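Report on one structure; see the data block that follows.
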There are 2 protein chains.
Amino acid sequence: MIKIGILGYGNLGKGVEAAIAKNEDLSLTAVYTRRAPESIQTASGAAVKSIADLESGNEDIDVLIICSGSATDLPEQTPKFAALYNVIDSFDTHANIPTHFAKVDKAAQQAGKIGIISCGWDPGMFSINRVYSMSVMPDGEAYTFWGRGVSQGHSDAVRRIAGVKDCRQYTVPVPAALEAVRSGSNPELTTRQKHTRECFVVAEEGADLARIENEIKTMPNYFADYDTTVHFIDEAEMKAKHSTLPHGGSVIYSGTSSEGTKHVIEYSLKLDSNPEFTGSVLAAYARAAYRLNQKGISGAKTVLDIAPADISPLSGEELRKHYL
Amino acid sequence: MIKIGILGYGNLGKGVEAAIAKNEDLSLTAVYTRRAPESIQTASGAAVKSIADLESGNEDIDVLIICSGSATDLPEQTPKFAALYNVIDSFDTHANIPTHFAKVDKAAQQAGKIGIISCGWDPGMFSINRVYSMSVMPDGEAYTFWGRGVSQGHSDAVRRIAGVKDCRQYTVPVPAALEAVRSGSNPELTTRQKHTRECFVVAEEGADLARIENEIKTMPNYFADYDTTVHFIDEAEMKAKHSTLPHGGSVIYSGTSSEGTKHVIEYSLKLDSNPEFTGSVLAAYARAAYRLNQKGISGAKTVLDIAPADISPLSGEELRKHYL
């Protein structure tokens with residue numbers, strides 16, 4: 001059994017907990033939290049301990065799965081705990097990956113541990129598919145579409161507008177863009193042509209709805225470059241229709257092997273729950289972190305450095321016999 | 001530059017040659033053949049040599065890509081040449097993979113070489129996707145659909161019937177089965193429910209068409225378990241409409257991360273040319289064979305043992321910065 005610790009018990013931590021229950025070779029030792037441990041009851045009944053308990057380096061875990069946010073927590077926590085345990089995170093601020101990798105690599109190398117960063121579906125399974133496709137077919141182009149699904153970052157951005165009580169923002173790929181890419185025509189697409197954004201907003205009583213709608217649609221980075229639709233709904237409808245976190249998307253690669261000979265490769269996900277799927281990916285790569293470290297390998301790794309067989313519970317013989 | 005030799009100059013060998021031209025770090029040293037070398041003119045102008053020249057072990061190549069048939073050639077050639085060079089093949093007789101792996105492993109280990117077997121799209125990219133999906137989501141099921149595309153084995157089987165001059169057999173997934181699987185309902189599907197088969201046949205003048213059609217539809221293993229349609233056409237139509245070898249298909253995985261929470265993962269290929277795509281996969285994994293051997297690794301490997309970064313021409317830094 002591979003003993004797992006989870007740091008952070010939000011949506012993602014709960015997703016990892018659910019995934020561990022589906023893997024016979026993984027066991028959950030404890031959930032670690034910055035909150036008062038006694039205030040948390042885990043779904044699986046696993047023990048809850050303070051994050052401070054991790055600092056000794058003596059917790060009886062093989063891999064620590066760090067389920068914190070990318071903005072401020074992971075840049076600090078992942079290098080810190082990579083000096084003490086094998087760790088894995090889902091760091092998803094694409095532009096800062098090289099810096100994060102370097103910090104985790106240094107700490108993990110010194111400690112003889114493995115630190116897998118940026119694991120999930122994007123970065124994660126989508127990255128893997130971009131790299132496989134462009135390696136097999138160098139003369140081509142990768143297109144990534146997200147959705148239809150809830151973007152938590154965009155939902156939070158709308159919630160910060162005065163007069164907004166709650167929001168759920170869906171990212172939606174434009175069907176005509178998807179079709180053009182799937183046809184193999186390698187179109188050039190602007191940000192606006194690829195995705196639209198749809199907001200379901202609960203406003204405070206008496207709020208100026210026209211102002212809120214305008215503030216959303218003109219918000220730089222988040223909405224200004226997109227065609228955005230805003231629907232004002234009441235709290236009951238929010239709860240009834242928008243309480244889950246579905247997501248998904250596609251990596252579509254279109255390339256040429258010789259003059260006029262085209263190939264289209266598509267990897268797509270339809271996920272009922274973004275945090276449960278991300279948690280499932282983290283659990284599988286926690287297995288790889290443990291195995292690589294058992295072989296004496298240390299340092300930072302990403303999903304691109306890890307072979308498919310290393311995340312499977314099955315042996316090489318079983319995989320070759322039944323799944324190759 | 002990684003120096004590549006190609007053994008066999010049929011459709012697949014030509015596909016590898018086309019792929020090498022698309023990869024700046026790969027160069028084609030020579031094509032090796034059992035035919036008279038002077039009878040072959042390569043598309044790229046590469047030298048053509050006799051297969052006998054390989055036997056010294058002194059040819060100046062880093063990797064030999066063996067483009068022969070799985071029935072009788074690869075079981076003999078891949079272990080033989082793995083004792084002399086890094087090799088790679090597309091062995092696709094699924095049931096015999098463990099035996100083939102063991103023979104190549106023994107020869108390659110003794111010689112300190114790498115032998116990658118069963119590389120292409122199925123086995124190959126489809127296998128990778130089956131293993132990723134079931135590792136991430138163990139509670140689920142993988143469905144593989146092939147087509148619409150030309151099956152060369154089935155086309156050959158029809159050509160062996162008396163009175164048949166030529167045949168092209170298309171394997172076609174049943175749309176209702178695809179839809180049922182994509183919905184996440186995890187249906188149980190029989191062979192007949194998953195695929196139909198469509199044959200375009202040129203008959204000899206005066207041949208008994210009803211007998212030919214009956215022999216096709218009742219042929220054990222190849223057609224008896226499928227709903228098959230037979231179209232008799234003339235040679236001009238065969239040449240005009242059926243001279244290419246398109247193929248493709250999908251691996252669809254449908255699984256559950258917790259009670260009632262479903263996820264559907266689909267990997268699909270639409271290929272203008274089956275041999276050119278398979279050749280492109282072989283070329284990318286030839287790069288991995290060379291690199292692994294340079295690191296001192298030897299023995300038999302499959303696509304499941306090789307990390308995505310190992311088949312990419314880009315460095316780890318470039319991949320993390322731009323593609324993760």
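Quick note on labels: first sequence line is chain A, next is B, and so on, each numbered from 1. This structure is a prediction, so every number in the text was calculated from the model and none was measured.
Ranked by non-hydrogen atom pairs under 4.5 Å with chain A, the options A309(B), S135(B), A19(B) are led by S135(B). In terms of heavy-atom pairs under 4.5 Å with chain B, the best-connected choice from V136(A), D139(A), V131(A), N23(A) is V136(A). When each of P98(A), G248(A), A142(A), P138(A) is checked for heavy-atom pairs under 4.5 Å with chain B, P138(A) comes out on top. Comparing P123(B), A95(B), S280(B), G316(B) by how many heavy-atom pairs each has under 4.5 Å with chain A, the most go to S280(B).
Proximity to chain A (any heavy atom under 4.5 Å) is shown, for R182(B), by both the backbone and the side chain. Contact of L314(A) with chain B is made through the side chain alone, with heavy-atom distances under 4.5 Å. The contact between D305(A) and chain B is made by backbone and side chain atoms together, counting heavy-atom distances below 4.5 Å. Residue L282(B): no heavy atom, backbone or side chain, is found under 4.5 Å from chain A. With a 4.5 Å cut-off on non-hydrogen atoms, Y285(A) touches chain B through its side chain but not through its backbone. Only the side chain of D122(A) comes within less than 4.5 Å of a heavy atom of chain B; its backbone N, CA, C and O stay farther away. There is no contact between V251(A) and chain B, counting heavy-atom distances below 4.5 Å. In this structure, the portion of I97(A) lying under 4.5 Å from any heavy atom of chain B is its side chain and not its backbone. Proximity to chain B (any heavy atom under 4.5 Å) is shown, for A18(A), by both the backbone and the side chain.
If you take CZ on F91(B) and CZ on F101(B), they are separated by 13.0 Å, rounding to the nearest 0.5 Å.
Checking N186(B) against S254(B) by side-chain atom types alone, a donor-acceptor pair falls below 3.5 Å. Counted by atom type alone, D92(B) and S70(B) present one or more donor-acceptor pairs between their side chains at under 3.5 Å.
Residues passing the side chain to side chain donor-acceptor pair (under 3.5 Å) test with N129(A): none are found, sequence neighbours excluded.
With hydrogens and angles ignored, the 3.5 Å screen pairs a side-chain donor or acceptor of Y253(A) with a backbone N or O of M137(A). Judged purely by atom type and a 3.5 angstrom limit, R291(B) uses its side chain to pair as donor or acceptor with the backbone of D310(B). A donor-acceptor pair is defined here as one N or O able to donate and one able to accept, closer than 3.5 Å; such a pair exists between the side chain of S183(B) and the backbone of A180(B). With hydrogens and angles disregarded, no donor-acceptor distance shorter than 3.5 Å links the side chain of T302(B) to the backbone of I117(B). Proximity of a side-chain donor or acceptor of S127(A) to a complementary backbone N or O of G124(A) within less than 3.5 Å is detected.
For residues 257-276 of chain A, the interface with chain B (any heavy-atom pair closer than 4.5 Å) comprises S257(A), S258(A), G260(A), T261(A), K262(A), H263(A), V264(A), I265(A), E266(A), Y267(A), S268(A), L269(A), K270(A), L271(A), D272(A), S273(A), E276(A), sorted by residue number.
With Y323(B) as the aromatic partner, R130(A) does not meet the cation-pi criteria of under 6.0 angstrom to the ring centre and within 45 degrees of the ring axis.
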